[in-house]
Amino acid sequence: MSAVEALYVFDSFSPATTPILQHEWRSRPATNAASLYSLYKAQPSPRPSLIYLPTTSPPILLFNIIHNNLLFLSPATSEIEPLLVSEFLHRVVNVLEDYLGSPLLGSKIEANYDIVAQLLNEMCDDGFPFTTEPNALRDVVLPPSLMGKLLGSVTGLPSASIPSSFTPSPTRTLSTIPWRRSNVRHTNNELYVDIIELITATIAPSGRFLSARSSGTIAFNCKLSGIPDLLMTLQAPTNHKQKLGAPPSGGLGFPVFHPCVRLSRWKERPGELSFVPPDGKFVLASYEIDLLPSGNPKSAIQPQLPVSVELKSAIGPQSSEFEARVFISTASLAPTANTLSANPFGPRSSRSPAFGGSSNNPTVEEVSIIFPLPPTVKTLTGTRCSRGEFQHEGRRVTWKIPTTSAFSGTATLRTGVVVKSYGGDESEGEEEAAVDNGEYQDVQTAGTAGVNGGNEEEKAKRERQAKRKMEMAMPRCALVAFSVKGWLASGVKVDSLKVVGGKGLGEGVKPYKGVKYLTKAGDIEVRC
Amino acid sequence: MESLSRISSILETARDLTLEAAQAASASGRTIHKDGRQGTSAETKKLLNSRMDKEVLDGLRRVIGMMSRGIDCSEFFADVVKNVASPVLEIKKLVYIYLLRYAESEPDLALLSINTIQKALNDQNQLVRAMAMRVMSGIRVPVISQIVALGVKRCVADMSAYVRKSAALAIPKCYRLDPTTLPQLTESLSTLLGDRSFYVVGAAVMAYLEVCPHEWGLVHPHYRSLVKMLIDMDEWGQLAVLRLLTEYSRRHFPAKSTKKKVKGWDSGGAGGFYSDEEVEGDAGGKVIEVVTVMDPDLELLLKACVPLTQSRNSAVIVAAARVYRHLAPPSCLSTIAGPLVSLLRGAVDVQHMALVNIVSISLEHPQPFTQFATHFLVHASDPAHIWRLKLEVLTLIFPHTNVHTKNLILSELEYFAKGYDKELVKEAVRAIGRCAQSQTKNAARCLRLLLRQVESSDGTLVAESLTVIRHIIQQDPRNHAKTVVRLAKALDTATNPSARASIVWLVGEFAGINDGNNVAADTLRILAKGFHSESEQAKLQIVLLAAKVYAHHLNYTQPAVPTEEGPGDEDKHPISLLFSYILLLARYDLSYDLRDRARLYKSILSVPSSTQLATLLLLAPKPTPQAPSPSSGRESFTLGSAAMVVGKDEDIRGYEALPEWTTPSRAPSPSLREPPPLATPSIDTHRGGAVSMPAARVAGVRSASPRIRSPHVGSPGVGSSALPPTAKANGVPESLEDFLASEEEEESDDDDDDDDDVVVDDEEEVVEEEEESEEEESEEEESEGEGAGESAGLLGAK
């Protein structure tokens, strides 16, 4: 009944409408890949991830995700939980990226069809997800490098048969822990933690925050031998803890965890993550934190962001200009950064410069402001900005502001707007849904201009209309993007990370541990 | 949870994919023909027939490559299949992949390979055994169904959990091949459902759902162990089990068994499962509580779902939400509201599904979502299918939020009502209308907001606002007489023709209130002055207004003077004058439509005998329009189903609505769910006891702190059966060392030694399970008394 029936991957780089990869887990479907693709393309963009195609026989639920330039389509002919398919497709992308290297590209799939086919065969059996853990797959499917060795022509092996001992040991035994492959050996034992937070915020014209949230992800890159048992202690900012009425999670809202995390430990002592990690890269947990204290936007304390924007629209003599001022300040970042000075990682773990920007000195980078423009805007005139460069493309202006390490200050962008004429409207034909209204106004203005040109009242009316028209051509918000290394908006930090047990890691071995913080503005909307 | 690939793309600097693609293409350096073929088929065949494994492997890679591109490779069938006996695992795997795809088209040739595959079922390597099982069941050649069924039976008793899992998934394949094998398969399935490895049970449940989803007899004895194992299964297993148990619970737990208890005020904890209790005071001063008592087994399931809301897999979170939505009392929905909302931080596709589910819950129970109002603010980057749902959630929770949030929602809607995206404007204005409709208290405020929009120059906005205003007014005409006055005033400034027309129509509808003593006639007088400059649309409405006003006028005056009416009298009254003036203007209008209508009204209203007809025609009461939430109807679907996402108009194949709750009289005895006696032959301990731990132990795996989760992909000789009993009870740090040490020892052990271990192990298990069941019993006894507080704690903890 409910099964993932097939997977088709299309490459947007290639003009062909045939998939670069097709894999069917059940019997050959009635609707082939090419017609699915054309049906998919027939839907108006942006397309939802589940498209129902009632016209095919039998009707199809078409699931789709886009990764880089690859389109993944998976049809289903009967009821299935949509998120099951979505999650499975994301899992396939992750596994392929893990095996073939990031970023995942069509050419990489084409060069490794045998491995991809094995993986897909292992990940799903008869339409049911089977083995999806990357580590467990490593036990079963050889990565391309080992596969290459098998095929390598210069190995000088007696070529009549590859001795079975050559088959790498992992394929012989399966790991006893579902998410960790067996027999992990590393010459250098290293452990890297990345905590990434994405800020989502909406700021009202008054400058008040309507909402501000930070969603964090704890990503790991674990290269430890044997089966280590780790304990990581997170420290949530105390002020949030108090303000939020100390929720059981210790300030981290709605965390979700990798299956390796012992949930009861977290429940007993929030902030403590006890787990046996998978080998390699994985996402340990994710959480979100409301940056508005007690969730009340009216409270006096407002979250401090390193970049703020002031947007004024409909200014200038014809009220045909808008101006944005950007304030960049690293002052607000200092307190969090200082608390890092206590080094929790023992003597060996002096922070290496490889950890991106010394975390004691967070810097604001990649500042860019995007102004989405209304469809009535024809072009921009007299655009000038005090720093950086701007780019007008389609219906948006992107303004990039370069920052140096210690940059703090303001930058301004001001521009005029030229509105499309009505004639332009009609020829474009794209946006005037209520055409008759437009015509009506047109007739009226033309008529009054012709007959009552001198009439004061009419003139005022016309001016008012022109002003309204300009207002409709102003951007209504600015989208702010920036990234800060070494600082987390929520103030969460790693208190300690210890290997508390396990086996296989030699007695005297002290793994190298590193923690990196990164905050990105995910979706900060400043309205005007 | 964010996917790893998204995280790594954030961490790494942005790269130009086009460049990367070019590099990768040049680096791969292999010659791939335009149509995807590599080399000629003769070359490939030569490679496949080579005696060197390396060449065979290369040939197979070519074939698989072509297959993946969708090129027909059936010509290589014989050449590929003869390699099936190759000892090299990599070759075997690729041959199997080929077989799965093409055996159907060449059944006779495929049969030749069956013997070899059957032999592989006895291979020492569990991977080979599992693969053989999967291939044998996957090649769709009906004649071998008996062999497959035998194979399944054999693999069900395999000591490796990996092989047993493959066997479980082979069951549906075998059933499709030949439905007559069902009795044998059911037997195997029943064994697998009782398997001690959660790794296997998940797959067994998937097979059960596929093959015989209504053989409840198979599920009864395993219900409790399924619930206990839930937390430790892999995500896909959790999904299958939750799907099964949701339906199981509806069919086997009577809706709500209520008990009346006489209690004092202070006894009994409120909240949790009991928070929907009704408290009634009676004459004696005692309090009778009608307490909803849940079947303890159902409660077990609900408790087991709480930790699942912290799964990284969004589908599992939604499945847990489904359990709460359809099985728990509405007061418990807050447990899952937060986790559902937290899905909004995921990818767009996950956001979409999460929103659909949130909408469907909040159509009936909006309260749990009120505190998350800011999560539903629309962002500029949201695509249409996302913001539609977000606006809908906002309007659904609107009546239940506090004043501050109400302000927030309304100003948010107002902001979007002024945008330039026409669809968004329309939707936002409609949303304001729904806010007004849901709570009349706020209608005034919403109206004020909408009235402000009427003067806008944007036609879409004005037209949409007026439609919504009309809906609001029509719902409660009596209280909105003043609004109409305001609207009539707006005629001074409103320029949009359709807006003016709508207002005039509304004024006309209200021409009859207060016995004709209202603004309608006056409005008409003012409009008459500017008649010439109105648009045709508005003129039509003005003429209609004139007719309505006049009809009302006639109705008031006529009964008093039934027959004596003469032209002289009529002319005196200003309304009659106005009416004839408007008719005169309309008569010489350019539009013949207008002229026609004017003539119609004139003739129908000129003769007293037709006044009644005119009244019916012009003053008929209009039905109150309803603007339901766009997704209404979705709430009747099972949460998390594709049918719900697609909507009510489509019939999704294979969708079955959840059954209604069973009645207490028809519910089966809970004793059915007692686990079977311990004498069940333990498959795991058959050899090495390697594979899995008893369910009782497993259930606590994620709770005992310093212990590694139990192994479940067992391999011969690797296992944890020698884990000393002390280690399980309360995880002291040493226990882990012991555990690991023992595991290491065992790795080097021979099979014979393992057998010795087994004996010990079995005894331990017996002891362990007895303890466990005792605990259970005592818990059940206690639950009567303390249950309230306990469950409240459990559910409230979230």
Side-chain angles (χ1 to χ4, degrees), chain A residues 1 21-22 46 48-50 52 61 68 78-79 81-84 86-87 90 93-94 97 102 105 107-108 111 113-114 117 121 125-126 128-129 159 161-162 167 173-174 176 202 211 215 217 219 254 256-257 262-265 276 283 286 288 372 374 433-434 437 440 468 477 501 503 523 525, chain B residues 1-5 7-8 17 21 24-25 28 52-53 61 64-65 68 70 88-89 97 169 173 206 236 307 310 312-315 318 338-339 342 345 349 352-353 374 377 379-380 383 385 420 422 457 459-460 497 640 642 645-646 652-655 702-703 705-706 708 711 713 715 736 740:
Chain A
M1 265 216 326
L21 173 71
Q22 59 183 49
S49 57
L50 167 56
Y52 183 61
L61 296 159
N68 295 350
S78 67
E79 166 68 35
E81 289 153 288
L83 279 172
L84 187 152
S86 279
E87 284 279 344
H90 284 295
V93 169
N94 279 349
E97 203 146 81
S102 158
L105 296 165
S107 55
K108 285 185 185 167
Y113 273 132
D114 51 332
N121 215 37
D125 183 17
D126 192 36
F128 303 112
S159 49
S161 72
I162 301 164
T167 315
T173 54
L174 285 176
T176 50
T202 309
S211 76
S215 48
T217 305
F254 309 115
V256 294
F257 301 107
R262 296 183 180 101
L263 294 178
S264 55
R265 178 69 171 262
V276 174
V283 177
S286 81
E288 69 180 49
N437 304 336
Y440 169 79
R468 276 190 187 157
C477 64
K503 62 159 195 169
D523 201 349
E525 189 178 327
Chain B
M1 188 183 276
E2 292 281 356
S3 84
L4 187 60
S5 59
I7 289 301
S8 42
L17 287 173
S28 72
M52 291 190 289
D53 288 342
R61 292 183 66 177
I64 298 289
S68 300
V88 181
L89 194 60
I97 290 173
L169 290 182
K173 292 187 262 186
M206 290 181 201
W236 319 110
Q310 294 185 330
R312 62 171 167 173
N313 189 321
S314 56
V318 170
S342 74
R345 61 181 190 242
D349 50 340
H352 181 213
M353 300 304 160
T374 54
L377 296 185
H379 290 284
H385 55 273
Y420 41 77
K422 293 219 154 58
S457 63
T460 333
V645 178
V646 172
I652 303 294
R653 203 161 71 111
Y655 172 78
R702 281 188 108 169
S703 51
S705 29
I708 291 174
V713 190
S715 57
L736 179 70
L740 294 166

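Only the side chain of Glu525(A) has a heavy atom closer than 4.5 Å to any heavy atom of chain B. Heavy atoms closer than 4.5 Å to chain B are found in the side chain of Leu61(A), but not in its backbone. Contact annotation for Ala219(A): only side-chain heavy atoms (C-beta onward) come within less than 4.5 Å of a heavy atom of chain B. For chain B, the nearby part of Glu97(A) is the side chain; its heavy atoms alone come within less than 4.5 Å. Contacts between His385(B) and chain A at a heavy-atom distance below 4.5 Å involve the side chain alone, from C-beta outward.
In terms of heavy-atom proximity, Phe254(A) sits nearest to Ser342(B) at CB-CB, 3.6 Å. Among all heavy-atom pairs drawn from Gln22(A) and Gly70(B), the shortest one is NE2-CA, 3.2 Å. Residues Ser68(B) and Tyr113(A) come closest through the heavy atom pair CB-CD2, 3.3 Å. Contact detail for Glu87(A) and Ala315(B): the closest heavy-atom pair is CG-N, 4.1 Å. Here the closest non-hydrogen pair linking Ser49(A) and His352(B) is OG-ND1, 4.2 Å. Of all non-hydrogen atoms in Pro82(A) and Gly640(B), the two that sit nearest each other are CD-O, 3.2 Å.
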Problem set entry | Steps toward side-chain contact (heavy atoms from CB on, under 4.5 Å) verdict (Leu263(A), Gln310(B)) | CA-CA 9 Å; Leu263(A) 294 178; Gln310(B) 294 185 330; 3.5 Å; yes
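Here the CE-CG distance, from Met206(B) to Asp125(A), works out to 10.0 Å after rounding to the nearest 0.5 Å. Note that the NZ atom of Lys173(B) and the CG atom of Asp126(A) stand 5.0 Å from one another [nearest 0.5 Å]. The NE2 atom of His379(B) lies 5.5 Å from the OG atom of Ser211(A); values are rounded to the nearest 0.5 Å.
Contact annotation: the side chain of Val283(A) never approaches that of Arg312(B) to less than 4.5 Å [non-hydrogen atoms, C-beta and beyond]. Residues Val256(A) and Arg345(B) form a side-chain contact, since some pair of their non-hydrogen atoms from C-beta on lies under 4.5 Å apart. Residues Tyr52(A) and Val645(B) form no side-chain contact, since every pair of their non-hydrogen atoms from C-beta on lies 4.5 Å or further apart.
The candidate with the highest count of non-hydrogen atom pairs below 4.5 Å against chain A, out of Ile652(B), Ile97(B), Asp349(B), Ile64(B), is Asp349(B). In terms of non-hydrogen atom pairs under 4.5 Å with chain B, the most contact-rich of Thr202(A), Leu83(A), Asn121(A) is Leu83(A).
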